[in-house]
Amino acid sequence: MTFWQLVLSELKAIVSDKAIAVTLFGGVLFYSVLYPLPYLHQVPTEQQLVVVDLDHSSLSRRLIRHADASPKISVIGQVGSITEAKTWIESGRAHGLLVIPEGFRRDLLLGKGVTLSYGGDASYFLIYSAVAEGLVTAGMDAGKQVQLLGMLAKGEAPEQAAQSLNSVKVNSVPAFNPSLGYTPYVVPGLFLLILHQTLLIGTGILGAGQWKARGYWSELSPLQLISGRISAFMLIYLFFSSFYVGFCFYWYQVSIQASLGLVALFLLPFLLATSVAGIALSCLFVRRDLPTQVLLLASMPIMFVSGFVWPLALIPEPLIWISQAIPAVPAIMGMLELNQMGASWSSIMPKWLQLWGLFAVFFLLALYGVSRRLKESR
Amino acid sequence: MTGLIALIKRELHALWRSPWQLALVSYIPILSILCLWWLFSAGLPRQLPVAIVDHDNSQLSRMLGRKLQANPVISPQSFVDLSSAVTAMKQAEVYGIIVFPYELKRDLVTGHSPTIDIRYNSQFLLVGKLLSSQIQMTLGAGLLEVAGGKLLLQGVPESKVSVNLSPVKSQTTALFNRNNNYVGFLVPPVLVALWQLLAMLIFSNSLSRELTCEGGLVPGTGVWSRVLAKVVLFTPILLMHGGFILALLYLYLGLPAAGSLALLMLAQFVMLLAVWLLVLLVFFIMRDSARIVSFGTAMFAPAFAFMGITFPVHEMPLVAQWWRLIMPSSHYVDSHVSIISYGAPWQTIALQLTSYWVFLLIIPVLVLLSRRLERASPSCENIA
């Protein structure tokens, strides 16, 4: 059997196996739509807010209008007491509350300080931060207006007054994901993880189904089989990764910083290491339904330990050490640095070399595993 | 009744003989639950590295630096020039950059308004947003002190200074998760998603054993009594895992829980029944062990994203809101939040549980499909 005949029979085995074909072709397509689906609207806006206005003055009404004008908040109603506001939140009608104290306007005009109380439902992280951000800005605006009125009343020049209110400008700007969108935050890491997991499952099922039976694989040397299998999966994943990193990144408006050549160069050892790790793993199984199960349970821990959802600085060290043996972990962080944050090639070089190292280690493991499995079946 | 007991015994034997299934019901859940909790055990983001580039080197910029140092969330790292700070940010070594401009203090004193630039890494949305607000708050408080000093010099009485500076104070309260702890907010849904996956795997493995390799039914008693035996055996086992999650979080770690944990167990029980119905549907349609698991995986793997804890449900597109309803975990999470955060009584939970009614529509479909399975050929030639 020539090398290309081997690759062809591998491809045939992959396509004709329904479980593999569904996981690879169906899964990769299905997940590219399903995972980002909840986040398509990107940024939470117009969170429902209920107001408890105990002042009923012109100024309190103005404050409410200000809050309503904020893109993050929409005032859906007013109630008479905090308890009532809380029941609104508990029944899911509102997600935040604003309390304007009695005597709000009078105290301000008398030059006394007043305190506005805001509350947001912290059971939901993004809702809470949207409510808090929107209300803090509205409150600050109201405060500044009162201050300005006071200064003007004292006879200060309008320009001077405006300036002393904003003596230092604090200019806080997001970098790398300028829209603060949720899909550009989740998609780059998640899609690499999907490529990783489906590749491992595909190679896993293929191996697990073959070891106990005889077929074209029984006639080959372990080295031949491994190289043929890597080539076949690399051919398929060439298309899948182009689809994910190319089209899907474009479609979901993920910012892209690196050139195509560098991205391809970085993905090469990732895909090689993953496919050979899958072949090594497949030697542990003889039941075709097991690889999916094991890898499914590993997915969530891998996602969280790779550092794009939860900061690496907060993950216990031992978990980080162990995770370095998983190709997806250096690959996700390296790709984020290279392609989303525009790091130079030299700075992600260690991760690239680590992936080549993983390829070497898993290659040896695969060689050992496959030769044992092939011997058993002869 | 004796028939059922015999079938349960048969299930127990099968469980004992399958090392993987035994692992799935015993140590795998405990290990993965503990592992995921450990991952998030820091709870509150603390000491996140932020680059400070101080071009001013004045008393003022150093004072602001000390203020930032005092904030538990921020761990300031000094950088001499901007370009090295930018490189560090691109390599994810720091999550933000603060630049104190040249002559910051002089501009402030002479009545110009200088700008302090902050760049935060929003590729890591969670960290970026947190840092942005913490940095702005800390700098704001520091600058207010400076402005207060200025007012005192102008002869404003001390008692009036703070009112003059910020007449409207705000007090922000995080309702229901008071210290904004991520263990309280993120870990329960993550563990519920994991628990749902485990339930799916355990039940599909057990059902797959009833299939011949041609997709027919292994000879024996009718399919429904076997399914009943599995439900009777695996429901309590999985409820034990679910109970373990609740005990770990709310009893051992002492996270606040406003309502009753027994009610939560009831919600878990109903969620399990819904999971069983879905797995049965997949089982009767696919009738092949590898494909049942693949399909179940495709369905349940993204469950966490659809729960609406990280991203609000009402901001999801309509299709996503529908897809969300297919997953029992989303129904459960609503009850979970109601009980843990709002201390909802049983009446509210009972009302919420009615949201599962759509799952009842699966039952007649199952009956139709099971007839087809029982008619399918029981024979099995050789394994392909």
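Convention: sequence-line order gives letters A, B, ...; per-chain numbering from 1.
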Please identify, among [options], the residue contributing the most non-hydrogen atom pairs under 4.5 Å to chain B.
options                               : value
A/Ser117, A/Pro316, A/Gly26           : A/Pro316
A/Tyr182, A/Tyr185, A/Phe30, A/Phe304 : A/Tyr185
A/Ile20, A/Asp107, A/Thr292           : A/Thr292
A/Gly334, A/Ser344, A/Pro318          : A/Pro318
A/Ile89, A/Val22, A/Leu190, A/Thr23   : A/Ile89
A/Ala175, A/Ala19, A/Pro184, A/Pro36  : A/Ala175

Side chain / backbone / both / neither for [X] at chain B, heavy atoms under 4.5 Å:
X        : answer
A/Val294 : both
A/Leu97  : side chain
A/Pro311 : both
A/Pro188 : side chain
A/Tyr39  : both

Nearest 0.5 Å, what's the CD-CG distance between B/Glu93 and A/Leu312? 11.5 Å
Need one label for [X]: side chain, backbone, both or neither, based on atoms under 4.5 Å from any heavy atom in chain A.
X        : value
B/Asn205 : side chain
B/Phe304 : side chain
B/Ser32  : neither
B/Ser41  : side chain
B/Ala344 : neither
B/Phe300 : neither
B/Ser289 : both
B/Ile98  : neither
B/Trp38  : both
B/Thr310 : both

Does the side chain of [Y] come within less than 4.5 Å of [X]'s, by heavy atoms?
X        : Y        : value
A/Leu297 : B/Leu198 : yes
A/Phe176 : B/Lys90  : yes
A/Leu296 : B/Met200 : yes
A/Ile201 : B/Ser294 : no
B/Ser338 : A/Glu90  : no
B/His314 : A/Gln48  : yes
A/Gln293 : B/Leu24  : yes

Nearest heavy-atom contact between A/Ala313 and B/Tyr95 is N-OH, 4.1 Å
For chain A, find which of [options] contributes the most heavy-atom pairs closer than 4.5 angstrom.
options                              : value
B/Met89, B/Arg324, B/Met286          : B/Met89
B/Ser122, B/Ala320, B/Gly96, B/Ser75 : B/Ser122
B/Pro312, B/Ser208, B/Ala42          : B/Pro312
B/Val319, B/Val190, B/Leu186         : B/Val190
B/Ala290, B/Pro317, B/Ala305         : B/Pro317

Side chain to side chain contact (heavy atoms under 4.5 Å, CB included) partners of A/Pro101, counting only residues at least two apart: A/Phe104, A/Leu116
Which residues pass the side chain to side chain contact (heavy atoms under 4.5 Å, CB included) test with A/Pro301, not counting sequence neighbours?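 Listed in chain order: B/Leu36.
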Answer yes or no: is there a donor N or O on one side and an acceptor on the other, between the side chain of A/Trp310 and the main chain of B/Leu39, under 3.5 Å? yes
